[in-house]
Amino acid sequence: MEKLAYDFYNRADVLTIARELLGKVLVTQFNGIATAGRIVETEAYAGENDRASHAYGGRRTARTEVMYGRPGTAYVYLCYGIHHLFNVVTNREEVPHAVLVRAIAPLQGIPDMLLRTGRAKPDHSLGRGPGNVSRALGITTRYTGWNLASREMFIAQDGFAPAAAEVAVTPRIGVNYAGEDALLPYRFILKDSPYVSGKKQVRS
DNA sequence: ATGCCGATGTCCT
DNA sequence: GGACATCGGCATC
């Protein structure tokens, strides 16, 4: 597998990056435990002009500072006091764009993912939803600011590339507070993946 | 299948 | 004090 290079993240169009992250592989190797999953759902957050973004209006806090930093770093923050949500910082420095990874299809280290998430058997909930993604991969806020080309945490390409017909675009989840920006088509999913988050999922 | 609820760090008013 | 890029469990239909 080939790690995504700096130039992949250092681009101006966060929507293109969010779309292209579909099918890529997110890998963690913390404490010698290797786990990996294929990204099947992403959301773009377009920084200062996006009401749904933590950086809306150019807001800078200790938490959001990494979004203003180097493209290709991890922005991990705590949501609702419980869930660690994993994002990829994009665009050049000082432009706080990011892509939230909302779901993965588990590829490697499934027994360790089960241990981390307290499940007995793998099912479609294992990598579904941004909180579950981080739990399965062992990602916590201590890894915010980490380079995504590091040995312990990176995104790679293994040759899988979804066709345009397999990709759907929808509004983002859980951003109703963002007014009109909640309607923007900034969420990208692999249509047929059972791991994609959202309301209706029947099979197990 | 749908809905309510509790958990609870960070940021804002 | 309240809202928030959520989740899982339980109650109810």
**OP:** For A:Arg60, answer base if it contacts any base atom (sugar-phosphate contacts may also be present), sugar-phosphate if it contacts only those atoms, and nothing otherwise; contact means non-hydrogen atoms under 4.0 Å.
**Re:** nothing
Original post:
With a non-hydrogen cut-off below 4.0 angstrom, is A:Arg51 in contact with a base, only sugar-phosphate, or nothing?
Top reply: nothing
Original post:
Does the pair A:Phe8 and A:Tyr6 meet the rule for a ring pair (Phe, Tyr, Trp, His ring centres under 6.0 Å), with working shown?
Top reply: CA-CA 5 Å; A:Phe8 178 89; A:Tyr6 176 81; over 10 Å; no
Original post:
Is A:Leu114 reachable from A:Leu26 through a run of hydrophobic residues whose side-chain heavy atoms are each under 4.5 Å from the next?
Top reply: yes
Original post:
On the ring face of A:Tyr9, is A:Arg11 found with NZ or CZ under 6.0 Å from the centre and within 45° of the axis?
Top reply: no
Subject >> Minimum-distance nucleotide to A:Arg59 side chain [options: C:dC7, C:dT6, B:dC11] >> reply: B:dC11
Subject >> Minimum-distance nucleotide to A:Asn132 side chain [options: C:dT6, B:dG9, C:dG8] >> reply: C:dG8
[X] with [Y]: basic N within carboxylate O range, under 4.0 Å:
{"X": "A:Arg38", "Y": "A:Asp158", "answer": "yes"}
{"X": "A:Arg59", "Y": "A:Glu65", "answer": "no"}
{"X": "A:Asp13", "Y": "A:Arg19", "answer": "no"}

Can you check the [X] [atom1] to [N] [atom2] distance for me, whole Å?
{"X": "A:Arg128", "N": "C:dG8", "atom1": "CZ", "atom2": "C1'", "result": "12 Å"}
{"X": "A:Glu41", "N": "C:dT6", "atom1": "CD", "atom2": "C1'", "result": "13 Å"}
{"X": "A:Arg135", "N": "C:dT6", "atom1": "CZ", "atom2": "C1'", "result": "10 Å"}
{"X": "A:Leu126", "N": "C:dC7", "atom1": "CG", "atom2": "P", "result": "13 Å"}
{"X": "A:Arg63", "N": "C:dC4", "atom1": "CZ", "atom2": "P", "result": "13 Å"}
{"X": "A:Tyr45", "N": "C:dC4", "atom1": "OH", "atom2": "C1'", "result": "11 Å"}
{"X": "A:Leu78", "N": "C:dC4", "atom1": "CG", "atom2": "P", "result": "16 Å"}
{"X": "A:Ile173", "N": "C:dC4", "atom1": "CD1", "atom2": "P", "result": "16 Å"}

Original post:
What distance do A:Lys24 atom NZ and A:Ile104 atom CD1 have between them, rounded to the nearest 0.5 Å?
Top reply: 16.0 Å
Original post:
Which dot-bracket string fits DNA chain C when only Watson-Crick or G-U wobble pairs with both atom distances under 3.5 Å count, crossing pairs get [ ], and | stands for a partner on a different strand?
Top reply: ||||.|||||||.
Original post:
What integer number of Å spans the C1' atoms of C:dG9 and B:dG9?
Top reply: 23 Å
Subject >> C1' gap between B:dT10 and C:dG8, integer Å >> reply: 23 Å
Original post:
If you count the non-hydrogen atoms of other residues, nucleotides and ligands that lie under 6.0 Å from CZ in A:Arg51, is the total more than 12?
Top reply: no
**OP:** Taking the side chain as every heavy atom from C-beta outward, state whether A:Asn87 and A:Thr144 have any pair of such atoms under 4.5 Å apart.
**Re:** no
Original post:
Do the side-chain N or O atoms of A:Arg119 get closer than 4.0 angstrom to the phosphate oxygens (OP1, OP2) of C:dG8?
Top reply: yes
**OP:** Please list residues of residues 80-89 of chain A whose heavy atoms come under 4.0 Å from any atom in DNA chain C, ordered by number; otherwise none.
**Re:** A:Tyr80, A:His83, A:Leu85, A:Asn87
